[in-house]
Amino acid sequence: MEEEFEFDFNEDAQHSVERYEEMIRNEDQYFFDAQAFEYIIDNYIEKNDPVKALQVIEYALSQHPYAAVFLIKQAQLLLFTNQVEKAFASLEKAEMLEPSEADIYVLRGNIYQNLDRHSEALENFEKALGLAETTDEILLQMAYVYQNMHDYENAIVYIKRSLEQNMENKDGLYELAFCYDILDKQEESIHFYQEYIDNDPYSYAAWYNLANSYHKLDLFEKAIDAYDYAILIKENFASAYYNKGNALVQLEKYEDAIAVYKQTFEYEQPNADTYCAIGECYEKLEQMGEARAYYKKSVKMDSKMADAWFGIGVTLNFEERFFESLHFYKKALELDEENPDFWFAIADAYYKLGQIDQSIEAYYKVLEYNPVDVEAWLDFSTVLYEQGKLVEASETMAEAIKNNPDAAELYYRMVAYLFALGQSKDAIAYLETALVTDPEKHYILFEYLPQLQDNGLIIDVINKYIK
């Protein structure tokens, strides 16, 4: 019986549309019942023709002036065509005719939401909650309003209420993950998804979001297990493969990561991000030819992929092709000019090419964009020291310490520079600070200036801190 009804429904709809189009051609007036008009309106909406759909609504309202359903559809279409004030007017008329129709308040809430009039949006959604038979979507709409207000705590409350009514709502699960992420409440997120999975162990979205929460807490083994469950339930879940690949990278399992990244190609078209990720894995494995091939695939697919241009540069640098590497680093920099990693690589390449002035300029940029990069401070000061600029090297180290007061390496390096400048009293003061900060790293001092191992004063101070 059900199949027969479905067939009749389609046949009725088709017949109604044909009759309506015949009426327009004949410039005549036919009568249609309300159901027939709904078929005709939906037909034009499906064909993405809002203008014709609105014309049908005018006919429908002339024949059925008390049917609120047409006014609601009119408001939807007016909103779609950016006629906001007219949409409000249609909803007002609909409310006068049928004040208990939940769709009126849902739609009005959506309009207010688009206008960032949050309290009015919530007020209308609240009214709709009291009238609608199913409310999971309305609760989710309310959560979106709270998100727009940056009130993520309340957003979570409403998303959970929505999911209590409809556990299948994947949008709700992803939005919840987003809110927990913004609030940096990964433990709460994990607890929620674990409970959710207890009730619905076959929810691939819940397993995926659980995995992402583990990932954000650096619990990569657990994340991989959860991604595997998501993939087991939904074999073509490309995002789960991709994120599993990222987790494997964090565990330095680069060969496994490559295999998993490549699996995504079975379920979605290859993309620049995945090619770039594979390139990075090959780079870590020091298979530079393979790495470069994948980085090239990435930029061929998306020429704005800065990391892939940079990756090509890294592979060339590894092969000591410094001049060529510089070209690709600069391509990356054109796309992301405040990236300190790109500037650091450029500074290093210039240094290796003997272009010291350009190297120094690039180091200034690195430290402008990332003043907490201890390695960059050390390398920069080394360049200055090698150029005989001892005062500048010590001043640079003082600036480094100001930005990284807990980095013992910087204090030890400062000791070396101050001794080189003959300022032994200041050097000893820095040495004591270094030893208080991290006595185990005192070897750094001798690595940099081996001759200091013969300095009795230094050895005495060190022996006071090293038992």
Side-chain angles (χ1 to χ4, degrees), residues 208 211-212 214-224 227-228 231 237-322 324-349 352 362 366 369-370 372-376 379:
Y208 177 70
N212 287 340
Y214 281 135
H215 197 132
K216 282 164 191 145
L217 287 175
D218 296 345
L219 299 168
F220 302 116
E221 300 279 7
K222 285 186 170 183
I224 289 164
Y227 287 129
D228 280 338
I231 289 163
F237 197 176
S239 299
Y241 286 103
Y242 182 77
N243 284 7
K244 180 185 172 183
N246 293 343
L248 287 162
V249 166
Q250 295 298 327
L251 295 171
E252 299 183 8
K253 296 181 175 179
Y254 301 117
E255 284 169 349
D256 292 345
I258 289 166
V260 174
Y261 285 137
K262 287 180 178 177
Q263 275 182 287
T264 65
F265 302 154
E266 294 172 32
Y267 306 111
E268 68 175 10
Q269 287 296 309
N271 61 61
D273 284 313
T274 311
Y275 278 144
C276 187
I278 294 171
E280 282 182 41
C281 289
Y282 279 120
E283 181 197 313
K284 297 288 186 191
L285 293 166
E286 297 189 358
Q287 295 178 31
M288 295 304 175
E290 285 288 333
R292 192 152 56 241
Y294 275 93
Y295 284 137
K296 283 181 176 176
K297 284 182 180 185
S298 178
V299 294
K300 190 174 181 184
M301 194 162 268
D302 179 2
S303 61
K304 290 189 164 54
M305 199 75 190
D307 284 342
W309 288 115
F310 180 68
I312 296 170
V314 171
T315 64
L316 292 163
N317 177 72
F318 184 85
E319 294 166 0
E320 299 188 4
R321 294 158 67 182
F322 306 125
E324 289 170 83
S325 75
L326 204 49
H327 168 74
F328 289 98
Y329 291 153
K330 286 178 178 175
K331 298 249 331 165
L333 197 66
E334 282 169 21
L335 296 163
D336 185 2
E337 61 188 30
E338 294 185 6
N339 188 311
D341 294 338
F342 297 173
W343 280 110
F344 201 167
I346 286 170
D348 183 56
K352 285 167 178 167
V366 181
Y369 296 128
N370 187 12
V372 294
D373 188 337
V374 172
E375 278 307 308
D379 284 9

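Just so it is clear, the structure is predicted and the values come from calculations on it, not from any experiment. Heads up: numbering here begins at 1 and tracks the sequence.
Minimum heavy-atom separation, Ala376 to Val366: CB-CG1, 3.7 Å. Listed here is the closest heavy atom pair of Ala306 and Ala332: O-CB, 3.4 Å. Considering all non-hydrogen atoms of both residues, Ala272 and Ser298 come closest at O-OG, 2.9 Å. Nearest heavy atom pair, residue Asn317 against residue Ser325, reads N-CB, 3.7 Å.
Under the side-chain contact (heavy atoms from CB on, under 4.5 Å) criterion, Ser303 pairs with no residue, sequence neighbours left out. Every residue meeting the salt bridge (charged side-chain N to carboxylate O under 4.0 Å, His left out) condition with Asp348, not counting sequence neighbours, appears here in chain and number order: Lys352. Remark: Lys216 engages Asp181 in a salt bridge (charged side-chain N to carboxylate O under 4.0 Å, His left out) (not counting sequence neighbours).
For the atom pair CD1 (Ile258) and CG (Leu285), the distance works out to 5.0 Å, reported to the nearest 0.5 Å. Separating the CZ atom in Phe265 from the CG atom in Asn271 is a distance of 7.0 Å, to the nearest 0.5 Å. Atom CH2 of Trp309 and atom CZ of Phe328 lie 6.5 Å apart (nearest 0.5 Å). Rounding to the nearest 0.5 Å gives a distance of 5.5 Å between CD1 of Ile346 and CH2 of Trp343. Going from atom CE of Met305 over to atom CG of Asp336 covers 11.5 Å, rounded to the nearest 0.5 Å. The OH atom of Tyr294 sits 11.0 Å away from atom CD of Gln287, with the distance rounded to the nearest 0.5 Å.
The neighbour count for Glu255 CD, taken as heavy atoms of other residues, nucleotides or ligands under 6.0 Å away, does not exceed 12. More than 12 non-hydrogen atoms from other residues, nucleotides or ligands lie less than 6.0 angstrom from CD of Glu266.
The salt bridge (Lys or Arg N to Asp or Glu O under 4.0 Å) analysis of residues 277-294, with sequence neighbours excluded, yields the pairs Arg292-Glu319. Pairs engaging residues 302-315 under the salt bridge (Lys or Arg N to Asp or Glu O under 4.0 Å) rule: none recorded [sequence neighbours left out].
Classified by interplanar angle (parallel below 30°, tilted 30° to 60°, perpendicular above 60°), the ring pair Phe310/Tyr329 is tilted.
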Hey, mind stepping through Phe344 and Glu375 against side-chain contact (heavy atoms from CB on, under 4.5 Å) and telling me if it holds?
CA-CA 10 Å; Phe344 201 167; Glu375 278 307 308; 4.3 Å; yes
What's the verdict on ring-ring contact (aromatic ring centres under 6.0 Å, His included) for Tyr267 and Tyr241, showing C-alpha distance, side-chain angles and the deciding distance?
CA-CA 10 Å; Tyr267 306 111; Tyr241 286 103; 5.3 Å; yes
Show your reasoning for whether side-chain contact (heavy atoms from CB on, under 4.5 Å) applies to Asn339 and Tyr369.
CA-CA 7 Å; Asn339 188 311; Tyr369 296 128; over 6 Å; no
Trace of the side-chain contact (heavy atoms from CB on, under 4.5 Å) decision for Leu335 with Lys331
CA-CA 7 Å; Leu335 296 163; Lys331 298 249 331 165; over 6 Å; no
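Side-chain contact between His215 and Tyr227 is present, with heavy atoms from C-beta onward closer than 4.5 Å.
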Distance-only donor-acceptor hits, side chain of residues 243-254, under 3.5 Å, sequence neighbours excluded:
from	atom 1	to	atom 2	distance (Å)
Asn243	ND2	Tyr208	OH	3.1
Asn243	ND2	Asn212	OD1	3.1
Lys244	NZ	Asp228	OD1	2.8
Asn246	OD1	Tyr261	OH	2.5

